[in-house]
Every structure is written in C-alpha cells, then in structure tokens.
Amino acid sequence: MASLRQIVSSYRVQRAIGATAAYYLRFVWNTTRFSVEPADAIERITKQVPIILAMWHGQHFLMPFVRPKDVPAKVLISRHRDGEINAAAVEALGLGTIRGSGSHGPDVSGKGGLFAFNAAVRCLHAGVSVALTADVPKAARVAGLGIIKIAQLSGRPIYPVAVATRRRIVLGNWDRTAINLPFGRGAAIAGGPVYVPQDADAATLELARRAVEEGLNAATSRAYELADGTAEGADRG
C-alpha cells in the first residue's frame, strides 16, 4: 500500500488539496472585515499596471484577493514538491502561474530560476502583472536581488503589499507562516512604488533592494497593527 507521504505527494492529490484551499481562502476573505490603506490603493495601483507585487513568504495566502479586478496577473511559485498545491490554489482563484525559485544572490539560474526570471520579464512586457515573494527560502524578511533585477529589466514598479487577519495561526517554521482564519478583522496595506533604473549599478540595485525590504516590513507591521487593533485610533470592536 502507498504511504501517506506518497499519497499526498501525488499530482492529483496535491491539485485537489490546492483547489480545496482556494475555496477555504475565499471563505476567509468573504467573512473578514477588511480595511485597505491607503483607501485608494487599488485604484492607484490599477493606473500603473503592469506592476510587480512584492510580498513576504508565509504572509501570502490572501494575496490573490488584493489584485485589482480584471487585471491579468501571474504568480511566481516554487518548483518544490509542495508548490503544486500552491499552484492549484492560485489557478483556482483565477491567476496564472510561473514556476521557479529565487536566489538571495545575483545568480538566478538555479531551481528553474532563470526560466522564471525570463518568464516574469516577458509577462510584464506583455502587460501582465507579476506577484512574487521578495525573500527567498531560509532567508525570511530579507529581500533578494531577483525581484529587483526583474524590475530593472522590465521597467515596471515594485509595490510592497501585506495582508493580515486578526484571527490566525502562526506556525513555528522559518517564514512564520500565518494561517488566516475566518470571522474576524483584517487589513491590506500597499506601500509606495519602488522603481529600478535600467542602467542601475550595483549600489543603486542595493538601494532598491533595501527600499523593497523596508517597504514590506512597514506594510506588514501596519497590516498587523490594524488587524489586531493595536494602531493608534484603531477600531477595537
């Protein structure tokens, strides 16, 4: 008999789990009272498409719902064995996928990284927005250069985005994955755009990397403040 690990690792089972996860995430989104900051963030971002949406690992489950309606977008998803579950969930929520993994350094050629990098740039040139985690595995909350290079070659802005819910389970893994729960309060925060000049040198690329990292940290902190009701003047009801 097949072991539980073998069953869960099968393509069909992972696709089914992903589709089920999509239904659950839609349920969470529809039963949570969300505030958006800035209030006109979606309208403002829509005027700039195609864009690059940046997020942190472990804080990404509700990101498909902050995409402006009718704006085509694809999500970069790891080729890790569990990536099929994420891909199935994303596709069930109406988004396309790009498969590959990033690197903290300037070399993006490993783990399908070069293919994903080129595919992301092509999508942006074709008018399709791209969403991806700015940090790379095992380096949580440290933005890598991959997303910066994508912005440099595409000429499109990076928008740091964070979504948080008051009701959640936080896992003790490397990226502190937040499992969002329904029937609570939530917040979606968009930081200001980060542009990367196409002729940027190494120092300029590093400044852009830090700007994305700081923007994501600020957006994440603010999202949790609003979701948890700890921000000054926040509604604690």
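These figures come from a predicted structure and were not determined experimentally.
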Determine whether a donor-acceptor pair (N or O, by modelled atom type, separation under 3.5 Å) exists between the side chain of [X] and the backbone of [Y].
| X | Y | value |
| --- | --- | --- |
| Arg209 | Ala143 | yes |
| Arg156 | Pro50 | yes |
| His60 | Gly58 | yes |
| Ser221 | Asn217 | no |
| Ser154 | Val121 | no |
| Arg185 | Thr32 | no |
| Gln59 | Arg176 | yes |

- Could you walk me through whether Thr177 and Asp175 pass the side-chain hydrogen bond (donor to acceptor under 3.5 Å, both in side chains) test, one step at a time? CA-CA 5 Å; Thr177 298; Asp175 61 7; 2.6 Å; yes
So which heavy atom on [X] is nearest to which on [Y], and how close?
| X | Y | answer |
| --- | --- | --- |
| Pro72 | Gly127 | CG-O, 4.1 Å |
| Val194 | Ala208 | CG1-O, 4.1 Å |
| Ala187 | Leu226 | CB-CB, 3.7 Å |
| Ala92 | Ala19 | CB-CA, 4.4 Å |
| Ala120 | Val130 | O-CG2, 3.8 Å |

Once you round to the nearest 0.5 Å, how far does [atom1] of [X] lie from [atom2] of [Y]?
| X | Y | atom1 | atom2 | result |
| --- | --- | --- | --- | --- |
| Leu53 | Thr133 | CG | OG1 | 12.5 Å |
| Ile17 | Asn86 | CD1 | CG | 11.0 Å |
| Leu76 | Arg99 | CG | CZ | 9.5 Å |

Could you see if [X] belongs to whatever hydrophobic cluster contains [Y]? Use Ile, Leu, Val, Met, Phe, Trp, Tyr and a side-chain cutoff under 4.5 Å.
| X | Y | value |
| --- | --- | --- |
| Phe34 | Phe61 | yes |
| Leu153 | Val196 | yes |
| Val128 | Val71 | no |
| Ile51 | Val36 | no |
| Phe117 | Ile158 | yes |

- Message: Could you work out, with side chain to side chain donor-acceptor pair (under 3.5 Å) as the rule, every residue matching Thr165, not counting sequence neighbours?
- Response: Asn180
- Message: Could you tell me if the side chain of Gln14 sits less than 4.5 Å from the side chain of Ile85, heavy atoms only?
- Response: yes
- Item | Close side-chain approach of Tyr224 to Ile189, heavy-atom, < 4.5 Å | no
- Message: Test: salt bridge (Lys or Arg N to Asp or Glu O under 4.0 Å). Region: residues 34-53. Which pairs qualify, not counting sequence neighbours?
- Response: Glu37-Arg222, Asp40-Arg44
- Pairs satisfying salt bridge (Lys or Arg N to Asp or Glu O under 4.0 Å), at least one member in residues 89-98, at least two apart: Arg15-Glu91
- Message: I need the full list of ring pair (Phe, Tyr, Trp, His ring centres under 6.0 Å) pairs touching residues 145-175, with sequence neighbours left out, sorted by first then second residue.
- Response: His57-Trp174
- Query: Which residues pass the side chain to side chain contact (heavy atoms under 4.5 Å, CB included) test with Pro182, sequence neighbours left out?
  - Reply: Tyr24, Phe27, Val28, Thr31, Arg167
- Task: With sequence neighbours excluded, tell me which residues meet side chain to side chain contact (heavy atoms under 4.5 Å, CB included) with Tyr195.
- Result: Gln48, Pro157, Pro193
